[in-house]
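Data first, discussion second: the structure below is written as structure tokens.
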Amino acid sequence: MDTSFFLAWIKEAASAVQAERDHLTQLDAAIGDADHGANLDRGFAAVRQTLADTPPQTPGGVLVQAGSALIRKVGGASGPLYGTAFRQMGRALGDAPEITPADLVTALEAAQEGVQKLGGAAEGDKTLVDAFAPAVRALAQAVRDGAKLEDALETATAAAQEGAQATVPLQARKGRASYLGPRSVGHEDPGAASTALIFAALRRAAGQA
Amino acid sequence: MDTSFFLAWIKEAASAVQAERDHLTQLDAAIGDADHGANLDRGFAAVRQTLADTPPQTPGGVLVQAGSALIRKVGGASGPLYGTAFRQMGRALGDAPEITPADLVTALEAAQEGVQKLGGAAEGDKTLVDAFAPAVRALAQAVRDGAKLEDALETATAAAQEGAQATVPLQARKGRASYLGPRSVGHEDPGAASTALIFAALRRAAGQA
Amino acid sequence: MKKLINSVDAIVTDTLRGVAAAHPSLRVDFENRVIYRRNAPHQGKVGLVSGGGAGHEPLHGGFVGYGMLDAACPGEVFTSPVPDQMIEASKGVDGGAGVLHIVKNYTGDVLNFEMAAELCADEGIEVASVLVNDDVAVQDSLYTAGRRGTGATLFVEKIAGALAETGAPLAEVARLAQEVNERSRSFGVALSAGTVPAAGKPTFDLSDTEIELGIGIHGEPGRTRTTHREAREIARLAMDAVNDDVPLSGDTLVLLNGMGGTPLLELYIMYGEVAAYLEEKGARAVRCLVGNYVTSLDMQGFSVSVCRLTDELTRLWDAPVETPGLRWAADRPHG
Amino acid sequence: MKKLINSVDAIVTDTLRGVAAAHPSLRVDFENRVIYRRNAPHQGKVGLVSGGGAGHEPLHGGFVGYGMLDAACPGEVFTSPVPDQMIEASKGVDGGAGVLHIVKNYTGDVLNFEMAAELCADEGIEVASVLVNDDVAVQDSLYTAGRRGTGATLFVEKIAGALAETGAPLAEVARLAQEVNERSRSFGVALSAGTVPAAGKPTFDLSDTEIELGIGIHGEPGRTRTTHREAREIARLAMDAVNDDVPLSGDTLVLLNGMGGTPLLELYIMYGEVAAYLEEKGARAVRCLVGNYVTSLDMQGFSVSVCRLTDELTRLWDAPVETPGLRWAADRPHG
Ligand SMILES: Nc1ncnc2c1ncn2[C@@H]1O[C@H](COP(=O)(O)OP(=O)(O)O)[C@@H](O)[C@H]1O
Ligand SMILES: Nc1ncnc2c1ncn2[C@@H]1O[C@H](COP(=O)(O)OP(=O)(O)O)[C@@H](O)[C@H]1O
Ligand SMILES: [Mg+2]
Ligand SMILES: [Mg+2]
Ligand SMILES: [Mg+2]
Ligand SMILES: [Mg+2]
């Protein structure tokens, strides 16, 4: 995977967020404050802009720059969290020009660790971690098992989507939804839903490569 | 017509206003500020109270006291106008213990004059004058023609009701409805509607006597 | 209809209870329904009395205090108060220099204040009246009750109040109040009507794409209905109406007023547009207020009032004022 | 949805434009989205910075000025601002005595302010932070993000701001801010939800007979829904929640706060009930505010915040303040 692969991922993610903007916002309206779609869409638009204005030369450069733009433009809880995720991934990749599936796993594990350290959420707290963590685990397993990249990412995406769906019956313990206590049960977490979109975008980027 | 006749009139008027309170308020909502029913109901409740607390001894006393209570309790445009109407009637009757139909006509003419002097409205301006004036004219004519009191009041009531209905196509030139300009057309004037109620109450009082 | 009330009949009494509890600088006469400055009357000072239906808060009760009104008489919701209240208030604020009645031009307010003024005269209280009629949405002709009094009422109360504090005589205070009114124009726009508690539903209905132009402060429908549009264009509609009546120029005082149900966020957006409009016309907003001052229950929308200033008016506007709804000091720290 | 806006995307920029036009005592940095006191930084004075999503006006931008904040950072509607804004603001207000970040306890605000504080430290700016978390509707446990910051934010900004004007050092200002927060509790009730412009419809639906208890300021639904009832009983529900958390006694400062869409009339009615409740418990509201201060767009409802005063807090509350949203002078004329 080279720089253009990661640029393709960002582009796919940005399109997906834009397309699902209203859906994400409506999920957030149910148990949050109705801005998650608008937040991420604003953020990914800025990411696209900065990548177009000053195109980075390495995969790590793409991800750090994307993460910084998210931190700079999103605000809310998701801005620092997703921003940190992309930045940590990028930092883990250093300035390597070509990334192996194993590198990708390492980078995503770093991202997850960054998110959890910053936000303090564990799996089961009904946050984006509930989609992120199983996706990273599934990817790691598939790569260890020697699966083709596309297939590995297919598995990871499925795990993210299942993870997002599995937030429905949970009671939130982090973020804004936690204020609702038991009333947060019965709704999908918006951040988990957007994480699933981002993994699906990664899968599509691999399909194009 | 003696003191108890006028007490009966007030009681009938108060009941009618109470029963039609919401209707009057809805008429006022269309071209005014949605308080005419509440205003008059509050006023007539106070009138009943004062008449019960310190019962006047003459027809004129009943009407002056009623008018004063309306001025004191209603507020809005209708308070001073109806208050003046009743007070002028009462003053025209002096302290006579027994009132003839001709006296009643004179008193109502004084009332109409008081209302028009205070409010400056002519017939056709889409105000309570549009019900009041034809009612007084019809009563005067019927009395001149020697009609029975009940029949004369029947005629007057019909004229008030027709007058009120006839305000529907008019454009208001006085009061709050005038702010609407042409948009005041197509609605019955609330004050004209309440005037018709008050004449109908007078007719019923005569039926009981 | 959902309202934070105990009952429709208790609204005014319960509001007065809250006002009395919140503002030790005021004295509330519950029996007569009058809100006074705590130490009224002030000897030798012209007393300022205003009043009108409830539902326009902070007008008028919130403007009782140093540098503004001496007393306010609240009527029932959207219903002018009764003469007894005004007489009582006039007696209570007369410090020997007479009393100015500030009356918004509505038939009800005018008739009740007229009756009160007559009875005050009978009791030896000198009363002058000023009629506020700033709303350009209403044609001022023989065929209407004349223009309504809306946002400029605040200008009149503040500026005449400041002059009264200097010990100016009644005739002068009345003349100045009149001048403020003449120099002021207003126009209001609603996105939705308010709900009069006794009526239980909004006084008019607007669809999701309509707005009402030229509304008053009592939930009366406006003169025309048009399609909703962006803030800039709505500001232009309102300001054109004002400017067509009296061309805008020079230094102005602007009130960008919320009708009660509109967030301050949106009022600031509107103020930005209004300020830009004024500049375009070569005028300037050198003083302004942005917020809910002359409201209409929970109506959504705004009104804009513009007063063309003179040096005297600016000075009196800047003079200290200390009321629940408006307060500033002579020497306020800046920056 | 009808709003007085030009477009959903331009809301914050257009609001800033209005704020800049309306308040010459403020300086607006449009590029970085920061509202400053005109003469910031003030040498030797601790700088106070707060910020949060838009939609809560006058919080925070309306509280920038003498005796309160030095700068405010508005985010998008209901979205916390970003670290860049806070860093810029901190640089702009640091007069050498360090900067206090006043942060409402929401994950987004906390994370973004944390990042900003770290980066400020890298740049050599001394930063202390106080977390406001006064909302008793949320259980403060391991199983939530902790209590929300709501009405008490105003108390913290006012009182810490007054102390900062005296030249007190950063640690002391931070300690006092913390103390104000600890002494304060709040509870909110909605009759209807507000509409986030980007979402286009109310964040939750309530029927004509329901109210929502324990709402926050972002249109989050509350913890429970119950039937609508009279003002007195609603006040009791809210005040019981406060009193159950920390029993009310002694002298208190009370904010009876409108959520943006509720008429002042109703807020005064609620204040009357709250004052009566306090008296019943042997406590007293010796200072209060009644009005729209910490709002949630056009939400209908109110919140009540109570701070148990000390002599020091009362003195600092009374100290002069000169901001668009709150202003009074040291020696104000009375009566
Ligand atoms: N502490 C946390 N750790 C991980 N994710 C979190 C945390 N708090 C919130 N989130 C995620 O952020 C999402 C909300 O993002 P967004 O709506 O953009 O921000 P905000 O809640 O500030 O409005 C939630 O759905 C959740 O997935
Ligand atoms: N100048 C006037 N002369 C006669 N009647 C008037 C005048 N102005 C208003 N009215 C009457 O008063 C009625 C409205 O009364 P009401 O609603 O109680 O007072 P307000 O208009 O002050 O709310 C109108 O329907 C009209 O009949
Ligand atoms: Mg959100
Ligand atoms: Mg009416
Ligand atoms: Mg009325
Ligand atoms: Mg948010």
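Please read these numbers as outputs of a predicted model, since none were measured by experiment. Here is the naming used below: chain letters follow the sequence lines, and residue numbers restart at 1 for every chain. Below, each value reflects all heavy atoms present in this structure, side chains not excepted, and no hydrogens, waters or symmetry copies.
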Worksheet entry | Euclidean distance, C:D14 CG relative to D:M270 CE, rounded to 0.5 Å | 10.5 Å
Practice prompt. Could you tell me which portion of D:I11 (side chain, backbone, both or neither) has an atom closer than 4.5 angstrom to a non-hydrogen atom of chain C?
Written response: both
Worksheet item: Is there any salt bridge (Lys or Arg N to Asp or Glu O under 4.0 Å) pair reaching into residues 189-211 of chain C, and which pairs are they, with sequence neighbours excluded?
Response: C:E210-C:R225
Practice prompt. Assess whether atom CD of D:E233 is packed by more than 12 heavy atoms of other residues, nucleotides or ligands within 6.0 Å.
Written response: yes
Fill in: Contact residues of residues 289-298 of chain D (partner chain C; heavy-atom separation under 4.5 angstrom)
D:V290, D:N292, D:L297, D:D298
Discussion item. Between C:E230, C:E266, C:M299, who has the most heavy-atom pairs with chain D when the cutoff is under 4.5 Å?
Written reply: C:E266
Worksheet item: For D:R27, does the CZ atom sit with more than 12 other heavy atoms under 6.0 Å from it, leaving out its own atoms?
Response: yes
Item to complete: Sort C:S207 into side chain, backbone, both or neither according to what part of it lies under 4.5 angstrom from a heavy atom of chain D.
Response: backbone
Practice prompt. Using non-hydrogen atoms and a 4.5 Å limit, figure out which bit of D:P324 sits close to chain C: side chain, backbone, both or neither.
Written response: side chain
Worksheet item: With chain C, which of D:G258, D:G260, D:G67, D:G61 has the greatest number of heavy-atom pairs at distances under 4.5 Å?
Response: D:G260
Worksheet item: What residues form a side chain to side chain contact (heavy atoms under 4.5 Å, CB included) with D:T13, not counting sequence neighbours?
Response: D:R33
Worksheet item: Any sub-3.5 Å donor-acceptor pair from D:H228's side-chain atoms to C:K3's backbone N or O?
Response: yes
Discussion item. Let's test your reading of the structure: which of D:N6, D:T15, D:L264 forms the most heavy-atom pairs below 4.5 Å with chain C?
Written reply: D:N6
Worksheet entry | Listed once per pair and sorted, the salt bridge (Lys or Arg N to Asp or Glu O under 4.0 Å) pairs that draw on residues 267-278 of chain C, sequence neighbours left out | C:R232-C:E273, C:E273-D:R17
Worksheet item: If you round to the nearest 0.5 Å, how far is CD1 of C:I5 from CD1 of D:I269?
Response: 6.5 Å
Worksheet item: If you look at every heavy atom in C:A329 and D:A329, which pair is closest and at what distance?
Response: CB-CB, 3.2 Å
Item to complete: For chain D, find which of C:A10, C:C288, C:A22 contributes the most heavy-atom pairs closer than 4.5 angstrom.
Response: C:A22
Worksheet item: Hey, does D:L206 have a side-chain heavy atom less than 4.5 Å from the side chain of C:K2?
Response: yes
Discussion item. If you count heavy atoms of other groups shown closer than 6.0 angstrom to CD of D:E280, is the number above 12?
Written reply: yes
Worksheet item: For the atom pair CE (D:M1) and CG (C:L191), what is the distance rounded to the nearest 0.5 Å?
Response: 11.0 Å
Discussion item. Suppose we call two aromatic rings close when their centres sit under 6.0 Å apart. Are D:Y268 and C:H23 close by that rule?
Written reply: yes
Worksheet item: So what's closer than 4.5 Å to chain C heavy atoms on D:A285: side chain, backbone, both or neither?
Response: neither
Worksheet, complete the sentence: Assert top hit (heavy-atom pairs under 4.5 Å, partner chain C, pool D:P24, D:G272, D:A235) equals D:G272
Fill in: D:I234, part contacting chain C, at a heavy-atom distance under 4.5 Å
side chain
